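None of the values given here were measured: they were computed from a predicted structure. Excluded from the calculations below are hydrogen atoms, water molecules and symmetry mates; all remaining heavy atoms, backbone and side chain alike, are included.
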Amino acid sequence: MVFYFTSAVVNAPFTIYMGKDKYENEDLIKYGWPEDVWFHVDKLSSAHVYLRLPKGQTINDIPPEVLVDCAQLVKNNSIQGCKMNNINVVYTPWSNLKKTGDMDVGQIGFHRQKDVKIVAVEKKINEIVNRLEKTKVERFPDLAAEKESRDHEERNEKKAQLQEQKKREKEEQKRKKEMEELKSYSSLMKTENMKTNEDGYDSDDFM
């Protein structure tokens, strides 16, 4: 089971989701999307919370209000963290998550520590948590199928972009060739005209 939440604090709502337990977290780690950003309470046990960004956006494009929503949600879903003030929440792109065979279920590491960001959470804000909880939806998604569908769509988009690029390059080559032919033809006509004029002047006789 996966829990989905909607952050509607900005005009275009964002989807936030998390697994029910550490076993589901394994699937979320495995089938995450490049557009996903992972959140977790720093140095404490907590839910693995994911924010799905629109295509083309990066972790640096997260609106501050949405970042607060994610931090509050992950804090609220930490047995220890929800009772504490002044905690830190770490977040990083899904692609930076590292899972090795010797790690426990639900345990995760990072490929690049420099790509891990931290947001401080002073205290729980009930208004935010309650607002998010009202949008909560439980689903049993086929994560592997959704990931494959997303990747298939991306492959088709890249294929179409490549075809369009080749088409533009071909048209540009055709245009250059036509310009070169026109230039060559104009040069030839100019030369022919000069010869004709020279012949004409030589044959003129006014006497």
Side-chain angles (χ1 to χ4, degrees), residues 1-10 12-99 103-139 141 143 146-147 150:
M1 181 189 297
V2 179
F3 300 116
Y4 292 86
F5 304 84
T6 300
S7 173
V9 287
V10 291
F14 283 75
T15 296
I16 305 171
Y17 67 96
M18 66 182 187
K20 181 180 180 181
D21 53 38
K22 63 182 181 180
Y23 298 99
E24 286 188 337
N25 286 337
E26 288 293 303
D27 287 337
L28 297 183
I29 294 167
K30 184 177 180 180
Y31 298 113
W33 292 17
E35 293 80 22
D36 290 342
V37 178
W38 174 89
F39 289 78
H40 196 277
V41 174
D42 190 26
K43 298 181 175 63
L44 295 175
S45 175
S46 78
H48 291 212
V49 173
Y50 291 83
L51 171 68
R52 181 151 293 168
L53 298 175
K55 275 191 175 182
Q57 290 191 12
T58 70
I59 192 171
N60 297 317
D61 299 317
I62 301 175
E65 304 91 339
V66 177
L67 184 61
V68 170
D69 276 6
C70 293
Q72 283 290 325
L73 189 61
V74 74
K75 170 182 166 53
N76 190 58
N77 286 276
S78 169
I79 295 174
Q80 294 174 274
C82 69
K83 303 171 186 175
M84 299 168 59
N85 290 334
N86 299 310
I87 65 165
N88 288 330
V89 169
V90 294
Y91 62 108
T92 195
W94 166 80
S95 59
N96 192 37
L97 300 180
K98 180 176 70 175
K99 182 73 180 181
M103 289 180 174
D104 292 335
V105 175
Q107 188 178 4
I108 205 70
F110 307 117
H111 292 291
R112 300 168 302 278
Q113 189 63 40
K114 66 181 181 65
D115 291 339
V116 179
K117 295 178 177 291
I118 297 177
V119 56
V121 182
E122 181 182 354
K123 63 181 180 179
K124 177 181 178 180
I125 302 177
N126 289 319
E127 293 82 357
I128 294 177
V129 173
N130 292 338
R131 168 170 52 78
L132 291 171
E133 285 292 336
K134 288 179 181 178
T135 70
K136 184 177 179 180
V137 177
E138 299 178 7
R139 284 176 48 203
L143 296 172
E146 289 184 357
K147 176 72 178 295
R150 180 251 172 229

Checklist outcome for this item: Applying side-chain contact (heavy atoms from CB on, under 4.5 Å) to I118 and not counting sequence neighbours gives N88, V90
Next on the checklist: Closer than 3.5 angstrom, by distance alone: can the side chain of N96 be matched with the main-chain N or O of R112 as a donor-acceptor pair?
Outcome noted: yes
Checklist entry - Donor-acceptor pair, E133 side chain versus N130 backbone, under 3.5 Å? => result no
Checklist entry - Between W94 and Y31, does the ring centroid distance fall short of 6.0 Å? => result no
Checklist entry - Hey, is the main chain of L44 close enough, under 3.5 Å, to the side chain of Q80 for a donor-acceptor pair? => result no
Checklist entry - Any ring pair (Phe, Tyr, Trp, His ring centres under 6.0 Å) pairs touching residues 56-91, not counting sequence neighbours? => result F39-Y91
Next on the checklist: For D69, is there an ion pair with R131 - N to carboxylate O distance below 4.0 angstrom?
Outcome noted: yes
Next on the checklist: If we ignore hydrogens and angles and just use 3.5 Å, is the side chain of T135 paired with the main-chain N or O of T6 as donor and acceptor?
Outcome noted: yes
Item to check | Pi-cation contact, F110 with K98 (under 6.0 Å, within 45°) | outcome: no
Checklist entry - With the threshold set at 4.0 Å, does a side-chain nitrogen-carboxylate oxygen contact exist between E138 and K20? => result no
Next on the checklist: Minimum heavy-atom separation for G81 and I87, please, with both atom names.
Outcome noted: O-CD1, 4.3 Å
Next on the checklist: Any heavy-atom pair between the side chains of V66 and V9 that's under 4.5 Å?
Outcome noted: yes
Next on the checklist: Please check this pair: side chain of K99 against backbone of I29, looking for a donor-acceptor N/O pair closer than 3.5 Å.
Outcome noted: no
Checklist entry - Judged by atom type as modelled, is there a donor-acceptor pair below 3.5 Å linking the side chain of K75 to the main-chain atoms of M84? => result yes
Checklist outcome for this item: Residues pairing under salt bridge (charged side-chain N to carboxylate O under 4.0 Å, His left out) where one sits in residues 48-64, two or more places apart or in two chains, turn out to be D36-R52, K55-E157
Next on the checklist: Donor-acceptor pair, distance only, cut-off 3.5 Å: does the side chain of S46 make one with the backbone of V41?
Outcome noted: yes
